[in-house]
Structures are given as structure tokens and as C-alpha cells.
Peer 1: 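Next up is a structure, given as C-alpha cells.
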Amino acid sequence: MEIEFLRNAGEVTGSCYLLRCNDRRILLECGQYQGDDEQEELNRSEFPFDPHELDAVVLSHAHIDHSGRIPLLVSEGYGGPIHTHHATRELCSIMLRDSACLHEKDSESLNRRRARKGLPAVKPLFTLADAEKAMYQFEGHEYGERVELFPGIEVRFIDAGHILGAAIVELRLSEGGRTSTVVFSGDLGFDQGPVMAPPETLAEADLVLLESTYGDRQHREPEDTLAELKSIFLAANDTGGNIIIPAFAVGRTQDLLHLMSQHFDEWRLQDWQVFLDSPMAIEATEVYSRFRHLFEARLFQPGRHVPLLPNIAMSKSPEDSMAINRIESGAIVIAGSGMCTGGRVVHHLKHNLWREECHLIIVGYQAHGTRGRQIVEGAENVRIHGDSVRVNAAVHTVGGLSAHADQQGLVDWYAAFRNHPRVCLVHGEEDAQKALAKILRSRFDADVSIPDLGETVTL
Ligand SMILES: [Zn+2]
């Protein structure tokens, strides 16, 4: 029994692990690298195994850095099952198709440029047909259900509280009369997040693969975030203009909509028209609504249901989106992409960013090199569609809406294991991993390692 680590230590994207047991090969996650061009190029590198030889794929949740290379895996010959939670299957159906369309569009425009230089065309990373084929291989399961993948190999998905359907993956492996339990945390949720339940804990494991995204940071108190949002909405009420909120389609958008419903009167949102201007976010919100039994028990006391915003308009078509551009004041527009790099939000920035009376609320992480990062760092002008646009709008950066556990959350989750198992830290930048390793060693005397690319851990 062994696990091979197939992504770089210190990376926060491109999640991928290969498990070998009883002559079976099981791939845990098949994530896409995200970030600058160099990172994106890693997605084209060959898989360090033969996709034909895999027996099963197990997926913790729908985020692209965990699921994004599945269509590529399928197009390169993997024909077996992809086990995950039911809701993750539905979200992947939206997200992988959307990702495929982006890859197709990107390669079309790249190939036009290459053709002018006399260079041969390149293929997209994967196509819509690949993504659609992959969806037939998904097998959805419930939380808590024990699924026998093969004799001696069992998997169980446990609520990770991160986004809808996100799971902690527990694998029970038996080989040669010995049984070991491996627990992969997936991405753990923030226990005080607005929508999802806190991550469930487990009491026993032999090896834990623990994410470490916020291994060196604590989140601020949720009350501070709510107070900040309230003051921005009230201030915007006085200045007029529009409010633009770039948001990630899955997770962040639904958190935001829930908070806006909950504080509708207090934040005086009745004076605004709210637009959800993202087909992907609209579809994802519908999936959240279909699976609301997974989280609403915690949100609502009986008889105290929080309704969807009464003044929300779902902008599905490009025409719906363009119509918003004609509104001079009174619109709150939630649109993708979350880092302002593409999508419909770019048009709204072009129409509103130069206007003093408008507001931009940044609610998510802005990676280096993105337009969102430039704005957050105080750029006076940004380039949009080839033109320079002045940043005159009020820019507010609201932290505290993270879907990840902070350092305390990670430590508490580990502390619930009564036997203080061996830990491999994954999914975090180097500083975060070092800080978390130090705490786990000093507080629990834990055996902590940070495996490197290609390293194998034997059970
Ligand atoms: Zn995630």
C-alpha cells in the first residue's frame, strides 16, 4: 500500500495523488494548475502514469484545481468510474463544460495568431466533447455511504463544509491481512462560513493528507465582515452609482446571496436592483437550491426560511448582460470572473470603474498578475479591451468570506483524531505548510512531512 504525490510541494493548485493497493491503481483528484502562463503550461505536461492502467478515480470536490484535468484524463484513455458526491457530479457537469469552452475559445484565438506567423495550430487542452464524455463516467454517492471500489478498497465521503458536495475522503485499504485508513481532508471549510456546515471530524486514521492553504493565517471574525459589508452598502446608498462585485460562480456567489437575503432590510438592499450576471453562477445556484437539504438544517430554524432576494434578476443571455450597461445608478451586479480576468464583469468594469460614484467590492483572493490584483494594489488605470480605464470608483476589499478553514480550523480538525496520526501536508504554499507543521509537531508530537513531487509514502 502506497501513495505517490503527483504535484509539487508548495503548490496550491493541481491536486493529484496515486494510490496503489492490491495491484489496483486509484487516482485521488485530477486537478488543473492555475495561475500564470508557466503554471497553465504544466496542464499540458504528460501524466506520470498511463491513464489506461488506472482502475478508479476518486474526487473530493468540484473546484477546478481538484477536478480540472479529468476530461484530459478521459481523452487520453481513462475509461473507468469517477467516484464523488452527487452534488459534486452536478457542479462538475457545469464547471468542466465551461472550462472546456474556455479552452476551445483560447486555442481558437491563439491559432489565429499562430496562423498569421505561419505556425501550426495547437489543440485545446480538452474539448467540450471530452468534458461531456467524462460526465458519463461520474458515479455520485451520499455522505457517509461506504462504497466498495474493489475487494479490500473502500471509500467514504464525509462532509467537508467547503462548497456544496465537498468531501473529506476516507479510504480503508486491506492488503495481506493488514488494514490501513487513509484520510484526505480535501479542502476543509471555514466553520463560521455563512452557508455550509462546519467540516465533520473523524476519530481515527493511520495517515492524514491535510490541506494547508491557510496554515499560517487566521480569518477575521465574521461579525467584522458583516459590519464592513453593511457600511459599504449604506455608503453606496448615499453616493448613488452602481456596485460591481466580481465573484466566483460556485461558493462565493451563493454565500454572498445568502448574506444579502439575511441582511436585506438592515443593508437597505430594497433600494437596489440586484443582477446575477453569470450563466455559470445561475446554474450553480440552481444546483445549491436542489441540494439545499445538505446545508439548510443549520441555516434555518423551522418556519424561519430566508427567501431569495425579491429584487434579483438572473441575466442569462448576452443581451440581458449588455442591458445592465445602460443603467447609470441603482444596480448591484454580481458577475464573473472572480479575479476580473475575463467574463462579463470586465464589461461592467469598463462602464463603471471610471465613475467616482460607483463602488467595486472585491470579496475573493486576487492572484498575482490579474486585473483584480492591480486594482486592489491601487493601480490608477487598468487596461480593458485595449483601452486605459481610470480607477475612480471606490474600491473595497472585503476579506473574511473564505471557504477555507484557517490555521485554527485546521489544527482543531486534526486534534479530533484521538490517535494523532501521521500527517502529510498538501495543498498550500511553503510558508503556510512550515507554520502548520511546526504547530502540529509541538502541540501533538505529530509525525509531519511535506512530500515533494514524485515522492512515495508507504503505509
Ligand atoms: Zn476547493
Side-chain angles (χ1 to χ4, degrees), residues 7 10-17 27-35 39 43 57-70 82 84-96 98-99 143 157-169 183-200 208-215 217 219 247-256 280-281 284-285 287-288 291 294-295 336-339 363-367 399-407 409-410 413 425-429 432-433 436:
R7 68 109 162 259
E11 291 289 352
V12 285
T13 62
S15 202
C16 197
Y17 315 93
L27 194 70
L28 184 54
E29 319 287 79
C30 191
Q32 200 169 307
Y33 288 97
Q34 293 172 304
Q39 291 276 313
N43 292 315
V57 172
V58 173
L59 174 65
S60 70
H61 69 289
H63 275 151
I64 289 295
D65 55 332
H66 293 254
S67 69
R69 284 177 96 200
I70 286 176
I82 298 154
T84 193
H85 189 276
H86 289 296
T88 298
R89 175 187 175 172
E90 300 228 4
L91 290 175
C92 277
S93 169
I94 299 167
M95 296 169 83
L96 294 179
D98 180 79
S99 171
Y143 286 133
F157 297 96
I158 296 147
D159 194 350
H162 167 60
I163 58 166
L164 188 75
I168 297 156
V169 177
V183 173
F184 170 51
S185 70
D187 282 353
L188 293 173
F190 179 35
D191 59 1
Q192 297 176 73
V195 173
M196 304 313 295
E200 280 186 45
V208 173
L209 310 189
L210 176 60
E211 70 117 325
S212 45
T213 315
Y214 287 95
R217 269 171 290 170
H219 295 327
F248 299 90
V250 178
R252 200 63 50 93
T253 292
Q254 292 75 33
D255 283 355
L256 207 56
M280 182 155 72
T285 305
V287 177
Y288 266 72
F291 283 88
L294 294 177
F295 54 83
S337 71
M339 297 189 200
V363 293
Y365 178 72
Q366 306 295 310
L401 281 177
S402 175
H404 278 271
D406 60 5
Q407 186 187 59
L410 294 170
W413 185 77
L425 295 183
V426 295
H427 211 279
E429 288 176 9
Q433 296 191 318
L436 186 60

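The residues of the chain are indexed from 1 along the displayed sequence. What you see below is based on every heavy atom in this structure, not just the backbone, and it leaves out hydrogens, waters and symmetry mates. Start at 1 and go down the list; that is how both ligands and their atoms are numbered.
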Peer 1: Hydrogens and angles aside, do Glu211 and Ser185 bring a side-chain donor and acceptor to less than 3.5 Å of each other?
Peer 2: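 Note: Glu211 and Ser185 side chains miss the donor-acceptor criterion.
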Peer 1: So which of the N, O or S atoms of Asp187 lies nearest the Zn ion (ligand 1)?
Peer 2: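 Looking at Asp187, the N, O or S atom with the least distance to the Zn ion (ligand 1) is OD2.
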Peer 1: To check your reading of the site, what angle at the Zn ion (ligand 1) do NE2 of His61 and NE2 of His162 form, to 10°?
Peer 2: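 Between NE2 of His61 and NE2 of His162, the angle at the Zn ion (ligand 1) is about 100°.
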Peer 1: Testing Leu210, Val426, Val58, Val208 for side-chain contact (heavy atoms from CB on, under 4.5 Å) with Phe184, which one passes?
Peer 2: Val426
Peer 1: Are Glu29 and Ser60 close enough that a side-chain donor and a side-chain acceptor fall under 3.5 Å?
Peer 2: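 A pair is found: one side chain offers a donor N or O, the other an acceptor, under 3.5 Å apart.
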Peer 1: Please find the N/O/S atom of His63 nearest to the Zn ion (ligand 1) and write down its name.
Peer 2: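 Going by distance to the Zn ion (ligand 1), the closest N, O or S atom in His63 is ND1.
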Peer 1: If you measure only the distance, is there a donor-acceptor pair under 3.5 Å linking the side chains of His61 and His85?
Peer 2: no
